[in-house]
Amino acid sequence: MAKFSLGSEPVVGSLTPSKKREYRVTNRLQEGKRPLYAVVFNFIDSRYFNVFATVGGNRVTVYQCLEGGVIAVLQSYIDEDKEESFYTVSWACNTDGTPFAVAGGINGIIRVIDAGTEKIHKSFVGHGDSINEIRTQPLKPSLVVSASKDESVRLWNVQTGICILIFAGAGGHRNEVLSVDFHPSDIYRIASCGMDNTVKIWSMKEFWTYVEKSFTWTDLPSKFPTKYVQFPVFIASVHSNYVDCNRWLGDFILSKSVDNEIVLWEPKMKEQSPGEGTVDILQKYPVPECDIWFIKFSCDFHYNAAAIGNREGKIYVWELQSSPPVLIARLSHTQSKSPIRQTAMSFEGSTILSCCEDGTIWRWDAMATS
């Protein structure tokens with residue numbers, strides 16, 4: 001386990017908004033009766049930067065943000081299983097650029113939906129329990145990674161349908177995996193976190209030949225020699241409770257638990273002894289009333305800011321590139337009272353979406369500064 005290095009205390013951000021950016025509500029949609037667990041913009045393809053997807057119940061819906069606060073429904077996919085409850089969605093594409101919406105949830109089946117034809121491209125069966133998060137490799141967007149209640153993380157090729165690697169086993173998570181993320185520039189590295197209160201960093205470097213092989217494999221996907229990765233290169237105990245969201249910020253990691261804050265920390269690895277090292281906690285971004293699990297934050301494309309909702313329907317927008325942390329805005333509306341499960345920030349952060357427990361989607365737009 002990573003030990004804390006003594007020394008500098010983390011810098012805690014002030015909850016007084018800086019008024020750097022003013023946002024106002026420009027739209028509110030009631031999608032349905034069931035809770036919405038995820039909302040995500042498509043950062044994979046510049047043609048679709050204003051397109052986003054939501055999931056709730058057995059439905060995946062694709063929308064477009066238009067001028068003047070307008071939200072247009074583009075398509076809706078309803079799973080054949082009425083009992084399905086999707087918890088996560090991510091955008092991906094195959095090697096010719098066809099956009100896919102990749103969703104998973106309580107059934108443990110990953111649906112890869114071709115957004116061009118609105119048909120299922122592939123269904124991935126492999127996880128032994130529900131899927132809590134799916135993320136896409138930004139440098140190779142036909143690779144996605146899934147975090148599951150079955151204590152494993154899996155790497156998939158959405159084009160060929162192959163499960164390439166399974167991160168689980170001797171050094172793996174000891175409870176549900178709640179979140180996973182690809183490193184933005186180091187294609188071999190991922191970070192995962194979960195109900196065992198840890199964040200684990202994994203490397204695919206020595207298994208990369210399997211990733212390459214997955215693109216040229218012509219036999220049945222079930223015959224692919226899926227490889228187990230049993231040992232992470234780093235394990236950190238930054239939180240004392242469930243860790244339900246982690247994202248890379250360069251080589252640093254942003255993670256949150258149920259203790260009303262997002263923590264920015266630096267993993268300091270020991271090259272000689274994998275799995276060990278120290279953690280340097282750099283900054284803390286307070287988020288009041290954020291003490292229920294499964295609330296995920298989001299960032300704009302360049303990771304300048306992070307937006308996170310809380311259980312009372314408020315949104316906190318933090319600047320990520322400043323020290324001490326600066327609260328850009330605190331967004332609240334008299335009718336937004338339901339827990340916000342996830343936010344989505346647009347490419348440059350001028351639009352913030354939130355999806356709520358009561359089945360609503362809220363759109364906030366930055367006002368032009370005079």
Side-chain angles (χ1 to χ4, degrees), residues 29 31-32 34-65 71-127 129-138 140-148 153-164 180-182 214-215 221-222 296 298 341-342 344 346 353 355 359 361:
L29 289 181
E31 189 178 289
R34 295 166 82 169
L36 297 178
Y37 286 112
V39 56
V40 61
F41 276 105
N42 185 349
F43 287 169
I44 299 299
D45 188 324
S46 57
R47 292 172 298 176
Y48 309 123
F49 279 169
N50 63 350
V51 172
F52 69 93
T54 62
V55 290
N58 62 340
R59 181 190 306 229
V60 180
T61 313
V62 177
Y63 299 91
Q64 190 169 16
C65 279
I71 297 176
V73 181
L74 298 183
Q75 57 195 80
S76 183
Y77 162 78
I78 295 171
D79 199 81
E80 58 210 21
D81 184 347
K82 290 186 177 64
E83 300 306 303
E84 176 65 277
S85 176
F86 288 120
Y87 296 151
T88 180
V89 61
S90 187
W91 289 97
C93 64
N94 72 10
T95 44
D96 71 4
T98 305
F100 293 140
V102 188
I106 203 164
N107 283 345
I109 298 167
I110 297 175
R111 301 287 191 197
V112 182
I113 301 152
D114 183 324
T117 63
E118 303 187 32
K119 300 270 190 299
I120 293 264
H121 167 72
K122 295 248 185 310
S123 293
F124 300 158
V125 181
H127 276 300
D129 215 322
S130 51
I131 291 156
N132 291 316
E133 188 157 70
I134 295 169
R135 297 282 288 169
T136 302
Q137 165 52 261
K140 263 195 190 307
S142 39
L143 297 176
V144 300
V145 70
S146 53
S148 170
V153 169
R154 287 174 179 245
L155 178 73
W156 309 84
N157 184 321
V158 293
Q159 175 147 345
T160 56
I162 284 167
C163 178
I164 309 166
V180 63
D181 194 36
F182 285 101
S214 75
F215 284 92
S222 58
K296 295 177 188 283
S298 67
R341 290 300 179 179
Q342 194 170 27
S346 63
L353 302 171
C355 67
I361 300 165

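Just so we're clear, the structure is a prediction, and the values are computed from it rather than from any experiment.
- Considering NZ of K82 and CG of N58, their distance stands at 8.0 Å, rounded to 0.5 Å.
- Across W91 and A53, no two heavy atoms sit closer than the pair CZ2-CB, 3.7 Å.
- Here the closest heavy-atom approach between residue L74 and residue Q64 is recorded as CD2-OE1, 3.7 Å.
- In terms of heavy-atom proximity, V60 sits nearest to A103 at CG2-CB, 3.8 Å.
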side-chain hydrogen bond (donor to acceptor under 3.5 Å, both in side chains) for S90 and T136? Distances and angles first, verdict last.
CA-CA 7 Å; S90 187; T136 302; 2.7 Å; yes
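- Remark: the backbone N or O of F182 is not paired with any side-chain donor or acceptor of Q137 at under 3.5 angstrom.
- Expressed to the nearest 0.5 Å, how far SG of C65 lies from CZ of F52 amounts to 5.0 Å.
- Closest non-hydrogen pair, S214 versus N157, comes out as OG-ND2, 3.0 Å.
- To the nearest 0.5 Å, the span separating CZ on F86 from OG on S130 amounts to 12.5 Å.
- The shortest non-hydrogen separation linking F49 to F41 is O-CD2, 3.3 Å.
- The existence of a salt bridge linking K119 and D114 is excluded, since no basic side-chain nitrogen approaches an acidic carboxylate oxygen closer than 4.0 Å.
- Checked options V51, N50, T54; the residue passing with Y63 is T54 (criterion: side-chain contact (heavy atoms from CB on, under 4.5 Å)).
- Here D79 contributes atom CG and S85 contributes atom OG; the two are 10.5 Å apart, rounded to the nearest 0.5 Å.
- The list of side-chain hydrogen bond (donor to acceptor under 3.5 Å, both in side chains) pairs with a residue in residues 36-45, not counting sequence neighbours, reads D45-R47.
- For the salt bridge (charged side-chain N to carboxylate O under 4.0 Å, His left out) condition, no pair includes a residue of residues 49-64, sequence neighbours left out.
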Apply side-chain contact (heavy atoms from CB on, under 4.5 Å) to residues T160 and F215 and explain how you reach the verdict.
CA-CA 7 Å; T160 56; F215 284 92; 5.6 Å; no
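- Proximity of a side-chain donor or acceptor of Q342 to a complementary backbone N or O of V39 within less than 3.5 Å is detected.
- Between F100 and H121, the ring planes lie parallel to each other; the angle is under 30°, not in the 30° to 60° tilted range.
- I110 approaches H127 most closely through the heavy-atom pair CD1-CD2, 4.4 Å.
- In this structure, OG in S298 is found 8.0 Å from CZ in F43, a value given to the nearest 0.5 Å.
- Using a distance-only test at 3.5 Å, with no hydrogens or angles considered, no donor-acceptor pair links the side chain of S148 to the main chain of I131.
- By the 4.5 Å heavy-atom criterion applied to side chains, E118 and V62 are not counted as neighbours.
- Under the 4.0 Å criterion applied to side-chain N and carboxylate O atoms, R111 and E84 are not assigned as salt-bridge partners.
- Taking CG from L36 and CG from L353, the interatomic distance works out to 11.5 Å, rounded to the nearest 0.5 Å.
- Under the rule for a side chain to side chain donor-acceptor pair (under 3.5 Å), the partners of W156 that lie at least two apart in sequence or sit in another chain are S146.
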